[in-house]
Amino acid sequence: MRLVIARCSVDYAGKLSAHLPSATRLLLVKADGSVSIHADDRAYKPLNWMSPPCTLKVGDDGVWTVVNKAGEQLIITIEEVLHDSSHELGIDPGLIKDGVEAHLQELLADRMEVLGVGWTLIRREYMTAIGPVDILCRDAEGGTVAVELKRRGDIDGVEQLTRYLELLNRDPHLAPVKGVFAAQEIKPQARVLATDRGIGCVVLDYDAMRGIEDDKLRLF
C-alpha cells in the first residue's frame, strides 16, 4: 500500500462531475489498484475513489490520472507532497466472525430452504478480490444470489454487500447477481439503504434455525 499526504485538488469526470478544491489530504493506492482520497474526518469513508480494475498514471507535472474500464477519470493535481511511503501488508487473514455469525453461516448453508423453496448453495466464503462473500447461492429460478450475514445489520453491512455485488456482477458466469442482507436484527437505516439498492432483507431467528423453536423467517 502506498500512502501519500499531499496538498491537492481532485476532479472526477464520468457520468457526473465533481470537484474537490485544494486541501491537504491522504491518498491511498492499494495493491488491488484502487485509489481513494481521504480527509481528516468521515471515519473510513473516502471523499472520492476509483475501484479496481483501474490504471494510475503519474505525470511529470504532478498530475495523477486514474482511469477505470468505463473510461471514467479521477484526476488528482498534486501541489505539494508532505509524505510518501509504501508498505507491504501481506495477505490479510480476513475478518474472523464471532461464534454466532459463524454458526448462522453454517446453519443457513445447510438449510437454504429458509430463504425460499428451491434455493441451493453454491459455496460458503466465496472469495472475491476484496474478501469473501458469506454465502453464494442460487434462487428457485436459478439466479445467483450473494448473502451477507450479520448478527446486527447496519449500514456498514449493506455497503460491504454492495461492494461484493459490484465485483460479482462483472463476472459473466455469475451475472446478474442479486443481494440478500440477512441478520438477527436489521436497523431501519440499513433496511432503507438496502431497499434503495435493490437488496433484499431477511431477519433470521437464530433459535428457530437451531431447532429450539418453530422455524420462522421474515422476508421484507
Side-chain angles (χ1 to χ4, degrees), residues 1-97 125-134 146 148 150 154-171 175 177 179 181 187 189-190 193-194 196-197 199:
M1 178 184 292
R2 183 181 178 190
L3 297 88
V4 178
I5 299 175
R7 175 167 290 278
C8 62
S9 60
V10 183
D11 291 278
Y12 170 80
K15 296 178 182 178
L16 301 173
S17 60
H19 174 71
L20 293 172
S22 177
T24 301
R25 300 186 174 95
L26 169 65
L27 313 178
L28 295 182
V29 183
K30 295 187 177 181
D32 63 2
S34 63
V35 178
S36 56
I37 300 100
H38 298 259
D40 199 12
D41 62 3
R42 297 186 176 211
Y44 65 89
K45 188 174 182 180
L47 297 168
N48 213 327
W49 68 94
M50 191 70 80
S51 299
C54 58
T55 57
L56 167 63
K57 294 182 179 179
V58 179
D60 295 334
D61 54 358
V63 176
W64 294 16
T65 304
V66 189
V67 184
N68 66 12
K69 66 177 184 179
E72 298 168 317
Q73 293 187 334
L74 195 62
I75 301 170
I76 306 169
T77 303
I78 306 291
E79 300 165 15
E80 180 185 6
V81 176
L82 305 176
H83 174 85
D84 189 344
S85 63
S86 296
H87 306 271
E88 195 68 43
L89 301 185
I91 299 175
D92 191 275
L95 177 66
I96 299 175
K97 295 181 178 294
E125 299 287 329
Y126 185 90
M127 187 56 65
T128 73
I130 58 173
V133 176
D134 286 332
E148 180 63 25
K150 300 291 183 186
D154 56 22
I155 286 177
D156 287 350
V158 178
E159 293 283 8
Q160 183 179 2
L161 179 54
T162 300
R163 293 192 292 271
Y164 288 146
L165 290 171
E166 181 182 347
L167 282 178
L168 293 170
N169 274 299
R170 295 175 186 172
D171 187 338
V177 183
F181 188 50
K187 294 183 178 179
Q189 300 92 330
L193 181 61
D196 182 67
R197 295 182 177 179
I199 294 171

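The closest side-chain heavy-atom distance from Leu26 to Leu28 is below 4.5 Å. With contacts defined as side-chain heavy-atom distances shorter than 4.5 Å, the pair Asp154/Gln189 does not qualify. Side-chain contact between Asp156 and Lys150 is absent, with no heavy-atom pair separated by less than 4.5 Å. Within the 4.5 Å cutoff, side-chain heavy atoms of Glu125 are placed close to those of Asp134. Proximity of Thr24 to Ile5: side-chain heavy atoms (C-beta onward) are separated by under 4.5 Å at one or more points. Ile76 places a side-chain heavy atom less than 4.5 Å from the side chain of Val35. Side-chain atoms of Val29 and Val4, non-hydrogen and from C-beta on, never get closer than 4.5 Å to each other. With contacts defined as side-chain heavy-atom distances shorter than 4.5 Å, the pair Tyr12/Ile37 does not qualify.
Around CG of Asp61, the count of heavy atoms belonging to other residues, nucleotides or ligands within 6.0 Å exceeds 12.
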- Task: In sequence, state the C-alpha distance, the side-chain angles, and the governing distance for Val67 and Lys57, and then conclude on side-chain contact (heavy atoms from CB on, under 4.5 Å).
- Result: CA-CA 9 Å; Val67 184; Lys57 294 182 179 179; over 6 Å; no
- Residues Leu20, Arg25; criterion side-chain contact (heavy atoms from CB on, under 4.5 Å); working and verdict: CA-CA 10 Å; Leu20 293 172; Arg25 300 186 174 95; 3.7 Å; yes
- Task: Could you walk me through whether Leu27 and Ile78 pass side-chain contact (heavy atoms from CB on, under 4.5 Å), step by step?
- Result: CA-CA 10 Å; Leu27 313 178; Ile78 306 291; 3.7 Å; yes
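Interatomic distance, CZ of Arg7 versus OG1 of Thr77, reported as 13.5 Å (0.5 Å rounding). Note: His83 NE2 to Leu3 CG = 6.0 Å, rounded to the nearest 0.5 Å. Interatomic distance, NZ of Lys30 versus CE of Met1, reported as 5.0 Å (0.5 Å rounding). Taking SG of Cys54 as the reference point, atom CG of Leu74 lies at 9.0 Å (rounded to 0.5 Å). Rounding to the nearest 0.5 angstrom, the gap separating the CD1 atom in Ile199 from the CG atom in Leu161 is 4.5 Å. If you take CZ on Arg163 and OG on Ser34, they are separated by 10.5 Å, rounding to the nearest 0.5 Å.
Checking side-chain atoms of Ser17 against main-chain N and O of Ala13 turns up no donor-acceptor pair under 3.5 Å. A side-chain donor-acceptor contact under 3.5 Å links Tyr164 to the backbone of Pro132.
Closest of all the heavy-atom pairs between Val133 and Ala146 is CG1-CB, 3.8 Å. The nearest pair of heavy atoms linking His38 to Leu47 is C-CD1, 4.1 Å. Considering every non-hydrogen atom in both Arg170 and Ser51, the closest pair reads NH2-CB, 4.4 Å. Nearest heavy atom pair, residue Pro52 against residue Leu167, reads O-CD2, 4.5 Å. Scanning both residues, Ser22 and Ser9, for their nearest heavy atoms gives N-CB, 3.9 Å.
The salt bridge (charged side-chain N to carboxylate O under 4.0 Å, His left out) contacts involving residues 70-80 comprise nothing, where partners must be two or more places apart or lie in separate chains.
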